[in-house]
Amino acid sequence: MGKKTEPIPGASDIFPAEVAEWLLLEAEARRVFGLYGYGEVRTPVMERTAVFERSIGEQTDVVQKEMYTFEDRGGRSLTLRPEGTAGIMRALVDNGIPQGDEKRVYYIGPMFRGERPAAGRKRQFHQIGAECVGTVAPETDIETIEMLMRYFDAIGIRNTRLLVNSRGTVADRPKIADTLAAYFGDHLDDICEDCRRRLESNVWRILDCKNEACGNIVTGAPAITDLLSAESRDFFQRACDRLDLLELPYTVDPRLVRGLDYYEHTVYEIAFDGIGAQNSLAGGGRYAIEVPGHNQVVHGTGFAIGMERIILARHELGVATAAGNGIDAYLVSIGEEAFAANMKLARDLRRQGFRIAMDLQGRGTKAQMRTANKLEAPVALIRGDDELGRDMIVCKNLSASEQLEVTIADLPAHLQSTVDARFAGAAHAEE
RNA sequence: GUGGCUGUAGCUCAGUCGGUUAGAGCGCCUGGUUGUGGCCCAGGAGGUCGGGGGUUCGAAUCCCCUCAGCCACCCCA
């Protein structure tokens, strides 16, 4: 579409019909997370680049080739946030976390990564995430997962698969990496080109390779859980026990490693089939993050949900979202004087809280009625010069095709009764 | 960043051995006798066929380039 202006690649306009669903998803997140004592934080979409480089990991793909980084007027290197956790940690630490204190926060907003767009993958995408920061216990990991699953339940998403694994602690890493490197080094000829490269850059990712040949080699690889320190193994065992306790079905996936360096101990992913290659609705885990400028490591646990993906999943499941942006009445005018009077009437009714639509172009009665029908107005309020002279207005119930005249003074009460009746009907239908 | 597919009215698309003023359905607008919707009927508006270049007497249709979208790789939410 050559000359048309459009959003840049991987960014989308979202119109009212779709926004209704976004609002619902956001509202449910706020409600559910509130049940667990989480409060919303809003941090800038831009941060100093170091904030992300340091915490996500210099060697990760996200930092190396997916960040939108630019220089601002002062020559500072800034980056559009590629994920939410790093900025939240920066904000919390800046604000001071009392020792031993636990902070529970969540965020909702856009993230930016310069990847090639595909199904369920945008360059500007949106995440809902939660972080429980300041304490270290497998129980918080699992409570977080339970909250996440409760959220999915609340928005009608089922048939998900919970995959969990442990990455051990930072101290465990070198030993595991060396063991993996030694193993894959012995199978150099059997793994794909990408994985030979990963052998140098990030051995962990080989475990994640989708290539079938690599899969066979990976199957024979030493399991990470066997290489963990006794302490880490115990941590993971307790996490699994708590999943059992809360009756959350899960699968331990030894190949699940995640792409961000700050993870340690418990990591997990919620997979959903049927929405294309990007089948991960949410991911998260426990992390240890070092914030630039502060010499303390922040421990926390949390997850991020991809909004575009849960919307795809809901559509795949056929979950409907009520539009919720309808009107209470459509005001029909016949004649110049009635039109002017109706403009004032619309103003007054709106002031009283009624959602009113009316024609402002002087179209014919038929056209106005058609529009009322198209907008699914429950009632049409019809007033011409005739009614105007008698201080009356016709109130027509469009679904029942019945109409009666009411006085202008009685109109608000009458309208309210139709609204109440509709509300009661809708509530009844849901049972 | 690499590949595959696609790009014709607001939307979904038809239309290729190149040939008169480019089509359908839906949507939109106006009517079907005075001021009343949903169904039906009749009219109407709306497109430089993504853009540029080339071949040709002539191109939406063939060739090249370009832009955009989707999907996959990759990566992750």
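Note that the structure is a prediction, hence the values are computed from the model and not measured. The sequence lines fix the lettering, A, B, ..., with proteins before strands; numbering per chain opens at 1.
Contact annotation for A:Lys374: backbone-only contact, meaning every heavy-atom pair under 4.0 Å involves sugar-phosphate atoms and none involves a base. Within 4.0 Å of A:Ile128, counting heavy atoms only, lies no atom of the nucleic acid at all. Using a 4.0 Å heavy-atom cutoff across all strands shown, A:Gly129 reaches no nucleic acid atom at all. Among the heavy atoms of the strands lying under 4.0 Å from A:Ala367 are primed sugar atoms or P, OP1, OP2 only; no base atom is included. The residue A:Glu308 sits apart from the nucleic acid: no heavy atom pair falls under 4.0 Å.
Closest to the A:Pro117 side chain, of the nucleotides B:U36, B:C70, B:C71, is B:C70. Among the nucleotides B:G35, B:G1, B:A77, the one closest to the side chain of A:Phe125 is B:A77. Of the candidates B:U30, B:G35, B:U36, B:G35 carries the atom nearest the A:Ile334 side chain, counting heavy atoms from C-beta on. Of all nucleotides listed (B:A72, B:A77, B:U36), B:A72 comes nearest to the side chain of A:Ala118. Checked against B:A77, B:C75, B:C70, the side chain of A:Gln278 finds its nearest nucleotide in B:C75. Among B:U36, B:A77, B:A72, the nucleotide with an atom closest to any side-chain atom of A:Ser280 is B:A77.
In this structure, A:Asp261 and A:Val63 have side chains that are not in contact, with every pair of non-hydrogen atoms separated by 4.5 Å or more. The side-chain heavy atoms of A:Val133 and A:Glu102, taken from C-beta on, include no pair separated by under 4.5 Å.
Taking the P atoms as reference points, B:G15 lies 15 Å from B:G50, given to the whole Å. B:C49 and B:U61 have their P atoms separated by 9 Å, with the value rounded to a whole Å. Spacing of C1' atoms, B:C57 relative to B:G18, comes out at 12 Å, to the nearest Å. B:G4 and B:C63 are spaced 16 Å apart, taking the P atom of each and rounding to whole Å. Taking the C1' atoms as reference points, B:G7 lies 15 Å from B:A14, given to the whole Å. Distance noted for atom P between B:U16 and B:C11: 23 Å (whole Å). B:G38 and B:G31: their P atoms are spaced 13 Å apart (whole Å). Taking the P atom of each, B:A45 and B:A59 are spaced 26 Å apart, rounded to whole Å.
The pairing partner recorded for B:G69 is B:C5, the criterion being a Watson-Crick or G-U wobble arrangement whose two distances lie under 3.5 angstrom. The base-pairing partner of B:A59, taking Watson-Crick or G-U wobble contacts with both distances under 3.5 Å, does not exist among the strands shown. B:C40: Watson-Crick or G-U partner is B:G32, with both key distances under 3.5 Å. The nucleotide B:U12 finds its pairing partner in B:A24, both defining distances of the Watson-Crick or G-U wobble pair being shorter than 3.5 Å. The base-pairing partner of B:G47, taking Watson-Crick or G-U wobble contacts with both distances under 3.5 Å, does not exist among the strands shown.
At a cut-off of 3.5 angstrom, the base of B:C74 holds at least one donor-acceptor pair with the side chain of A:Arg121. Judged by distance alone with a 3.5 Å cut-off, a donor-acceptor contact links the side chain of A:Glu387 to the base of B:G35. At a cut-off of 3.5 angstrom, the base of B:C29 holds no donor-acceptor pair with the side chain of A:Arg363.
The shortest distance between the side-chain N/O atoms of A:Arg370 and the OP1/OP2 oxygens of B:G38 is below 4.0 Å. Between A:Lys122 and the phosphate of B:A77, there is no side-chain N or O to OP1/OP2 separation shorter than 4.0 Å. Using a 4.0 Å cut-off, some side-chain N or O of A:Arg258 falls inside it from OP1 or OP2 of B:A77.
We find that CG of A:Asn342 is positioned 13 Å from C1' of B:G35, with the value rounded to whole Å. Rounded to whole angstrom, the span from the CD1 atom of A:Ile275 across to the C1' atom of B:C76 amounts to 12 Å. Between the C1' atom of B:C73 and the CD atom of A:Glu115 lies a distance of 12 Å, rounded to the nearest Å. Here the P atom of nucleotide B:A77 and the CG atom of A:Leu25 are 19 Å apart, to the nearest Å. If you take CD of A:Glu405 and P of B:G35, they are 17 Å apart, rounded to a whole angstrom. Distance A:Lys366 NZ to B:U33 P: 8 Å, rounded to the nearest Å. The interatomic distance linking A:Gln368 (CD) with B:C29 (P) rounds to 12 Å, in whole Å. Look at CZ on A:Arg390: it is 12 Å from C1' on B:G35, rounded to the nearest Å.
In this structure, A:Glu402 and A:Leu281 both approach RNA chain B, and ranking their closest nucleotides by distance from the 5' end singles out A:Glu402. In terms of position along RNA chain B, the nucleotide closest to A:Asp385 lies nearer the 5' end than the nucleotide closest to the other residue of the pair A:Ala282 and A:Asp385.
Ring planes of A:Phe235 and A:His265: parallel class, angle under 30° (limits at 30 and 60°).
Nearest heavy-atom pair, A:Phe303 versus A:Tyr107, reported as atom, atom and distance to 0.1 Å: O-OH, 4.1 Å.
Partner of A:Tyr36 under the side chain to side chain donor-acceptor pair (under 3.5 Å) criterion, chosen from A:Glu143, A:Glu146, A:Arg104: A:Glu146.
Within 6.0 Å of CZ in A:Arg161 there are more than 12 heavy atoms belonging to other residues, nucleotides or ligands.
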Handout entry: From CA spacing to verdict: side-chain contact (heavy atoms from CB on, under 4.5 Å), A:Arg422, A:Asp328
Key = CA-CA 10 Å; A:Arg422 213 152 31 91; A:Asp328 296 320; 3.1 Å; yes
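Using modelled atom types and a 3.5 Å distance limit, the side chains of A:Glu83 and A:Tyr262 yield a donor-acceptor pair.
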